[in-house]
Amino acid sequence: MIELSRGLGELFSDPSPDAARLAIAEKSRSLTDKLTTVSDAVSRFVRDGDYLAIGGFGLNRIPTAIVHEILRQGRQNLRFAGHTSTHDFQILVAGNGMGNGRLLAAVDVAYIIGLEMRGLSPHGRRVVESGEIALTEWTNYTLALRFKAAAMGIPFLPARSLLGTDTFTRSAARSIECPFTGEKLALVPALYPDVAAIHVHEADRHGNARFRGMSVADLELARAAKRLIITCERLVPEEEMRRDPTRTTIPYFLVDAVCEVPFGSYPGNMPGEYFSDEVHIRAWLEAENTQETYRDWLRRTIYGTRDFADYLQLCGGLPRLQELRRQDLMLDRGR
Amino acid sequence: MIELSRGLGELFSDPSPDAARLAIAEKSRSLTDKLTTVSDAVSRFVRDGDYLAIGGFGLNRIPTAIVHEILRQGRQNLRFAGHTSTHDFQILVAGNGMGNGRLLAAVDVAYIIGLEMRGLSPHGRRVVESGEIALTEWTNYTLALRFKAAAMGIPFLPARSLLGTDTFTRSAARSIECPFTGEKLALVPALYPDVAAIHVHEADRHGNARFRGMSVADLELARAAKRLIITCERLVPEEEMRRDPTRTTIPYFLVDAVCEVPFGSYPGNMPGEYFSDEVHIRAWLEAENTQETYRDWLRRTIYGTRDFADYLQLCGGLPRLQELRRQDLMLDRGR
Amino acid sequence: MPSYNAMELMICCAARTLEDRRTLAVGTGVPCAAAMLAQRIHAPNLTIVFESGSVAPQLLTMPISVGDSRTLYHAAMATSMCDIMEFSQRGLIDYTFLGGAQIDVYGNLNSTQIGSDHARPRVRLPGSGGANDLASFCRRILVVTNHDKRRFVERVDFLTTPGYLTGPGAREAAGLPRDTGPYRVITDLAVMGYHPQTKRMQLLTLHPDVTMQRVRDHTGFAIDAVADVGQTPAPTEDELRLLREEVDPLRYLIGR
Amino acid sequence: MPSYNAMELMICCAARTLEDRRTLAVGTGVPCAAAMLAQRIHAPNLTIVFESGSVAPQLLTMPISVGDSRTLYHAAMATSMCDIMEFSQRGLIDYTFLGGAQIDVYGNLNSTQIGSDHARPRVRLPGSGGANDLASFCRRILVVTNHDKRRFVERVDFLTTPGYLTGPGAREAAGLPRDTGPYRVITDLAVMGYHPQTKRMQLLTLHPDVTMQRVRDHTGFAIDAVADVGQTPAPTEDELRLLREEVDPLRYLIGR
């Protein structure tokens with residue numbers, strides 16, 4: 001097996017499965033009550049310097065409350081997995097370049113700054129172009145694959161992606177000749193995040209969790225992370241989870257904290273529950289235009305709210321959320 | 001990346017993803033009606049010399065009707081994936097050493113001949129000990145992992161299994177030093193079966209399929225195989241599958257034939273539907289004791305029945321199946 | 001003949017390139033509109049997948065995000081990103097639509113940065129997203145984009161997503177699947193393909209009222225043309241009606 | 001003192017080795033009975049997984065197959081074999097119970113063949129199943145088996161499943177996870193562990209009425225003992241009652 005080349009990008013985390021096994025050796029495997037508040041979960045499980053990963057895709061099924069709280073509690077020097085990370089990156093990067101130190105120190109990039117069809121985050125661009133965040137390039141699949149390698153408990157996985165591009169050159173992947181077929185392959189190193197947060201439809205107090213719709217990379221991420229915070233739209237009794245175990249996709253022994261956060265993906269979309277609040281997101285992007293307007297915005301929305309329920313109230317409360325539910329159900333074709 | 005050693009076992013299939021892509025280049029991706037009979041599905045999609053894989057685990061959720069029909073139609077020189085393959089192997093190996101040629105020519109072994117707590121198959125032992133089937137050794141995980149590599153469209157996957165054992169020596173795996181961590185790993189080559197059969201609870205006529213309970217290695221297998229036959233307990237309308245897409249786990253474009261076979265895992269267990277018929281299996285094992293008794297048994301059960309419904313009737317019909325349902329629901333603790 | 005705008009023509013051209021009974025990985029915007037239109041005209045059995053996990057939805061309304069609820073409407077399966085990407089890597093996805101800030105003569109795309117210093121780019125763009133993956137795995141890569149010199153460049157500042165790389169044989173030499181590569185580029189001026197031997201982009205048809213010279217003026221590299229460059233057929237009444245009434249009734253795209 | 005048979009004692013010994021709040025990959029038979037008994041006595045928070053995909057069932061009745069409906073009773077999750085094996089490879093599964101036709105002084109197991117010719121074995125056995133995997137991944141490997149000379153051999157005919165391989169450091173040198181290895185062997189005669197340095201099997205406790213000599217006579221290799229070999233405590237009334245009334249009321253195992 002011949003190694004052909006290697007990317008020049010920095011590897012921001014240790015891909016060794018033995019190191020990862022050691023880190024979870026004493027993690028509880030017990031059916032204990034893990035219910036807590038968002039503030040407590042972040043203060044206990046997200047630490048300065050951690051490698052952080054956030055579930056969902058874009059503005060869809062994201063644990064917004066956890067991301068707010070990380071900003072609110074002023075965590076510093078996090079490393080971060082930016083896999084079609086739109087609003088979550090947008091919130092986190094507000095901890096850089098605003099006079100509150102440096103929340104993000106390093107980012108594995110597949111897709112950041114952009115909010116898909118909604119345009120680019122002006123503040124995100126300013127921070128990233130300033131060079132204060134170290135960047136290593138990946139792709140949506142190869143970053144998901146890095147979680148998958150970690151979930152499997154191995155140090156790397158092969159792929160036929162990245163090959164021949166500058167994305168490879170600026171990644172920390174290697175390329176090899178397959179010992180079985182002679183075909184060229186990229187190898188991507190496992191990514192074991194220190195902590196991850198995932199938003200789901202339903203969980204029980206022990207952490208058994210399930211959701212509807214696309215799983216994106218969350219099943220892999222749940223299994224890759226050393227610590228895991230689950231936020232859920234609705235708590236359900238343990239018996240309800242055991243009634244249909246086929247639907248459980250995250251088992252309790254992966255989970256460290258469970259927080260019930262109704263409308264927890266707002267202003268993002270939650271499949272079958274509520275659509276994204278495009279008006280709010282447009283206002284947010286607008287507010288980013290200058291440091292001054294952005295400082296005011298953040299003071300009002302994040303720093304000035306006690307918690308996520310308070311933020312929802314500020315954004316229009318239940319009437320607005322009911323409007324978004326109507327959009328999600330595609331009554332009148334989603335208008 | 002240094003290759004350290006390689007197993008001496010023969011590789012019975014081509015692990016190249018480019019070859020596998022070529023094989024499915026013209027496979028239909030269309031929502032066409034794939035409903036057919038078991039006899040037609042086997043005659044069109046299972047060919048002499050094919051590499052065959054069967055879904056389920058042990059006697060659980062197995063496509064018995066397809067396996068019967070392969071024996072009945074007298075296929076020759078198949079290669080086979082023996083991953084906790086109990087009753088399916090038992091049926092197939094009845095095509096060897098009984099004067100009907102050689103149904104099985106080569107087997108990748110994780111677990112064969114045994115029927116778990118029920119003991120060993122006498123005929124299976126006779127055939128395998130005669131040396132007429134080429135064997136390469138694997139494990140339940142590494143054989144599932146070989147399907148997973150194929151499902152992913154890559155030539156191999158790494159694992160921390162097999163290492164240091166004779167199982168490795170008699171496998172076709174390699175061992176390497178990880179280029180990222182220096183840790184030793186086994187690499188297992190992808191297994192792209194020519195044809196697979198999987199039994200599920202529900203499918204629609206296009207092949208979208210879902211089941212309850214453990215998926216074992218069937219999701220990987222469905223994605224690995226070049227041709228796929230689905231048997232199902234119940235056909236459901238397409239709209240029913242689209243009503244809850246989270247439950248679909250095998251999409252129609254993987255599927256070549258759909259056969260409705262109620263009680264299709266009999267004498268095996270179908271989670272939530274009916275338990276295994278231990279009386280029938282005991283009688284089967286008993287019948288294997290001599291070639292003469294076994295020939296009579298096979299004549300009566302397989303060669304002498306027109307189809308699977310006929311076989312069910314022979315085995316006690318609906319009253320027996322209702323008894324097995326009662327056992328499966330664990331009324332009276334499964335007695 | 002009905003009147004139409006450049007966006008409507010581009011969507012119609014994109015739709016026409018999609019054969020029936022094929023699979024397609026799409027994003028939001030024009031690709032999605034093209035797929036929806038194709039399904040309503042000549043390709044009712046065209047299967048759409050989204051990289052976030054939706055398989056074969058029967059789209060009612062155009063999604064805003066590649067992972068939003070709308071992508072799941074009447075879907076046959078909701079699964080994971082790895083599953084979708086691995087269907088593609090396995091060879092089951094025929095087409096993909098991609099875009100970028102820059103494209104070169106071999107169809108290579110840049111969506112990472114403008115400028116050459118990776119640590120301090122002049123303009124930082126979002127990055128690959130799933131583009132590099134889908135361009136590596138899918139059989140035919142389609143690009144729909146506006147046609148201008150800053151976009152059609154001699155050499156991309158950053159090769160985010162593989163086209164034919166440095167030319168004939170380069171994809172295969174890099175290890176990409178043998179049966180893949182750039183297929184069509186559809187712009188507001190023309191439809192382009194790739195020369196079967198040289199793998200260089202070449203003009204196939206000019207849109208109505210567009211001259212070859214105008215295309216050359218708006219292209220930052222020397223662009224060849226097939227011997228018999230034709231004219232792109234204008235949108236039909238049927239295409240326009242379905243596009244305006246069913247695909248994009250709120251004029252998200254065609255009102256731009 | 002209540003009377004009991006050898007199987008009952010073995011199941012009780014196996015149950016006692018399982019700490020509460022740990023995870024355990026089991027098969028059918030004795031391991032399953034041991035886990036069910038442990039949950040009912042000192043380890044209510046012991047989590048069972050089955051390699052076919054069941055996580056944390058609340059077993060009502062002993063399964064016949066590692067993948068049957070009974071393994072899924074009130075389970076927290078039904079998943080895939082790869083998922084279970086990868087939880088194990090990831091380090092989340094603490095214990096596993098394994099068996100085999102032969103075991104050697106380093107706890108290596110053979111469940112593949114008797115005889116040395118792989119193409120024409122004297123006796124062909126089923127093969128590894130999931131044993132090699134679980135023995136590679138889980139932190140502590142437990143074996144429950146009858147004690148006789150044909151089973152406890154100097155050298156296994158075929159090393160299906162790794163124990164300590166050739167001795168100290170060999171697992172690590174082979175690439176197996178650092179925090180794994182054989183832990184206990186429970187037989188109808190005694191309970192054995194492994195010497196922390198030499199990694200050789202050693203006697204920990206003798207069952208009531210069993211002498212050291214009897215163990216040696218039934219072991220095909222030289223077996224050491226810890227300095228203070230004790231006597232295995234007999235099953236308590238509570239253990240026997242729960243075992244007979246709740247775990248194995250049909251006497252599948254304890255009636256053998």
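To find a chain, count down the sequence lines: A is the first, B the second, and so on, and within it residues start at 1.
When heavy atoms are compared at a cutoff of 4.5 Å, A:Val216 approaches chain C by way of both its backbone and its side chain. For chain C, the nearby parts of A:Asp166 are the backbone and the side chain; heavy atoms of each come within less than 4.5 Å.
Using a 4.5 Å heavy-atom threshold, the side chains of C:Leu72 and A:Arg212 count as separate. Residues A:Phe57 and C:Ser65 are in side-chain contact: their nearest non-hydrogen atoms beyond the backbone lie under 4.5 Å apart. Counting heavy atoms from C-beta outward, A:Trp138 and C:Ser128 have side chains that stay 4.5 Å or more apart. C:Thr79 has its side chain out of reach of A:Met214: every pair of non-hydrogen atoms, C-beta onward, lies at least 4.5 Å apart. The shortest distance between side-chain heavy atoms of A:Arg160 and C:Ser136 does not fall below 4.5 Å.
Although no hydrogens or angles enter the test, the distance criterion places a donor-acceptor pair under 3.5 Å between the side chain of A:Lys184 and the main chain of C:Ala173.
Note on A:Ser130, A:Pro271, A:Ala217: by heavy-atom pairs under 4.5 Å with chain C, the leading option is A:Ser130. Options A:Leu4, A:Ile113, A:Val109, A:Thr139 differ in how many heavy-atom pairs under 4.5 Å they form with chain C, and the most are formed by A:Thr139. In terms of non-hydrogen atom pairs under 4.5 Å with chain C, the most contact-rich of A:Glu183, A:Lys148, A:Glu273, A:Arg61 is A:Lys148.
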From CA spacing to verdict: side-chain contact (heavy atoms from CB on, under 4.5 Å), C:Asn132, A:Thr165: CA-CA 8 Å; C:Asn132 179 301; A:Thr165 65; 3.2 Å; yes
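A donor-acceptor contact closer than 3.5 angstrom is absent between the side chains of A:Tyr141 and C:Glu51. Using modelled atom types, one finds no donor on one side chain facing an acceptor on the other under 3.5 Å when comparing C:Asp68 with A:Ser276.
Geometric assessment of C:Arg70 against the ring of A:Phe275 yields a positive cation-pi assignment under the 6.0 Å and 45° thresholds.
For the atom pair CD1 of C:Ile64 and CD of A:Gln327, the computed distance is 7.5 Å after rounding to the nearest 0.5 Å.
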